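The structure appears below as structure tokens.
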Amino acid sequence: MSACEPANSLGSAGVVIASTRAALGVYEDKTGPIIADWLAEQGFDTSAPIVVPDGAPVGAALRALLSQRPAVVLTSGGTGLSPTDETPEMTRPLLEREIPGIMEAIRAAGLAKTPLAALSRGYAGSNGHTLIVNLPGSPSGVMDGLAVLDPIIKHLCEQLKGGHGH
């Protein structure tokens, strides 16, 4: 489907994992399955997470997913301060409209548990009818982010497809 759809309507969703080590098979990605399971629980038709090295491959994966016009794209990883953490730089040019409150809420949720959450540089916004959110790279950071999205995802999707319900 080309528009963000509410739960149980089978809108599509994509997941991009930014991790050079996971992409090379050095270790198993732990965040992709958490995100994919959550999206499925929300009612989205979710394909297997795409695991790519940090940097330009993240941008390429995002552009490839956006060409399919999914309802939601969630990323994990690459939002910190290491030299290869470039997920925000790959995401921001693709955003037509930023939604800063989402990232403020995700960082606030993380800050309640660790001061390191303040270092996350992720973005949230839309590209057409697609919601894009950069989640942190740790399983606990992902769960904090999904907890923030959980009560608002249906309303976000309704708004992105042009609904005006409040």
Side-chain angles (χ1 to χ4, degrees), residues 4 11-23 29-39 42 44 46-153 155-157 159-160:
C4 191
S12 65
V15 179
V16 176
I17 305 303
S19 173
T20 300
R21 291 177 289 173
D29 164 51
K30 303 263 190 232
T31 60
I34 294 169
I35 298 167
D37 288 349
W38 181 84
L39 286 164
Q42 300 302 309
F44 293 102
T46 308
S47 54
I50 301 166
V51 181
V52 296
D54 289 301
V58 174
L62 287 170
R63 286 188 300 280
L65 277 173
L66 287 172
S67 74
Q68 299 170 26
R69 302 174 73 174
V72 178
V73 174
L74 300 180
T75 72
S76 174
T79 62
L81 295 169
S82 75
T84 59
D85 286 339
E86 296 179 7
T87 298
E89 289 77 12
M90 298 297 119
T91 303
R92 191 172 194 196
L94 303 174
L95 299 179
E96 295 169 350
R97 299 171 77 190
E98 290 186 34
I99 312 171
I102 292 175
M103 295 315 300
E104 292 165 7
I106 290 172
R107 282 187 274 273
L111 279 169
K113 299 175 182 173
T114 175
L116 299 178
L119 303 179
S120 179
R121 302 179 307 112
Y123 285 101
S126 62
N127 179 298
H129 297 289
T130 301
L131 172 69
I132 304 168
V133 179
N134 296 150
L135 297 172
S138 69
S140 62
V142 163
M143 290 186 283
D144 290 342
L146 296 177
V148 167
L149 293 174
D150 197 63
I152 62 174
I153 190 77
H155 186 71
L156 272 166
C157 290
Q159 291 284 295
L160 284 174

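Here the structure is a predicted model, which means the values were calculated and not measured.
- Across every non-hydrogen atom of Ser12 and Phe44, the tightest pair is O-CD2, 4.2 Å.
- Side-chain contact between Glu86 and Val58 is absent, with no heavy atoms from C-beta onward closer than 4.5 Å.
- Residues Thr20 and Val52 have side chains not in contact (no heavy-atom distance under 4.5 Å, counting atoms from C-beta outward).
- Counting all heavy atoms, side chain and backbone alike, Pro88 lies closest to Pro93 at O-CD, 4.4 Å.
- Checked by atom type and distance alone, the side chain of Ser138 pairs as donor or acceptor with a backbone atom of Gly141 at under 3.5 Å.
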Begin with the C-alpha distance, continue with both residues' side-chain angles, and end with the deciding distance and a verdict on side chain to side chain contact (heavy atoms under 4.5 Å, CB included) for Ile153 and Leu131.
-> CA-CA 9 Å; Ile153 190 77; Leu131 172 69; 3.7 Å; yes
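- Without hydrogens or angle criteria, Arg92 side chain to Tyr123 main chain gives no donor-acceptor distance under 3.5 Å.
- A donor-acceptor pair is defined here as one N or O able to donate and one able to accept, closer than 3.5 Å; no such pair exists between the side chain of Thr114 and the backbone of Leu111.
- Taking all atoms of both residues into account, the shortest heavy-atom contact from Gly110 to Ala117 is C-CB, 3.4 Å.
- With hydrogens and angles disregarded, a donor-acceptor distance shorter than 3.5 Å links the side chain of Thr87 to the backbone of Gly77.
- Defined by atom type and a distance below 3.5 Å, a donor-acceptor pair is missing between the side-chain atoms of Asn127 and Thr130.
- Between Thr79 and Asn134, the side chains place no donor N or O within less than 3.5 Å of an acceptor N or O (distance only, hydrogens not considered).
- With contacts defined as side-chain heavy-atom distances shorter than 4.5 Å, the pair Val15/Trp38 does not qualify.
- Under the 4.5 Å side-chain criterion, counting only non-hydrogen atoms from C-beta, Ile106 is not in contact with Asp144.
- Using a 4.5 Å heavy-atom threshold, the side chains of Leu156 and Ile99 count as touching.
- Without hydrogens or angle criteria, Arg121 side chain to Gly80 main chain gives a donor-acceptor distance under 3.5 Å.
- Of all non-hydrogen atoms in Asp54 and Ala18, the two that sit nearest each other are OD1-O, 3.4 Å.
- In this structure, Ala147 and Pro151 approach most closely via the heavy-atom pair O-CD, 3.2 Å.
- Under the 3.5 Å distance criterion, the side-chain polar atoms of Asp85 are matched with a main-chain donor or acceptor of Ser82.
- Leu135 pairs with exactly one of Thr31, Thr75, Leu146 by the side-chain contact (heavy atoms from CB on, under 4.5 Å) rule, that one being Leu146.
- Of all heavy-atom pairs between Ala23 and Val51, the closest is N-CG1, 3.6 Å.
- Rounding to the nearest 0.5 Å places CG of Leu94 at 11.5 Å from OG of Ser126.
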Verdict with reasoning, Val148 to Asp150, per side chain to side chain contact (heavy atoms under 4.5 Å, CB included) | CA-CA 6 Å; Val148 167; Asp150 197 63; over 6 Å; no
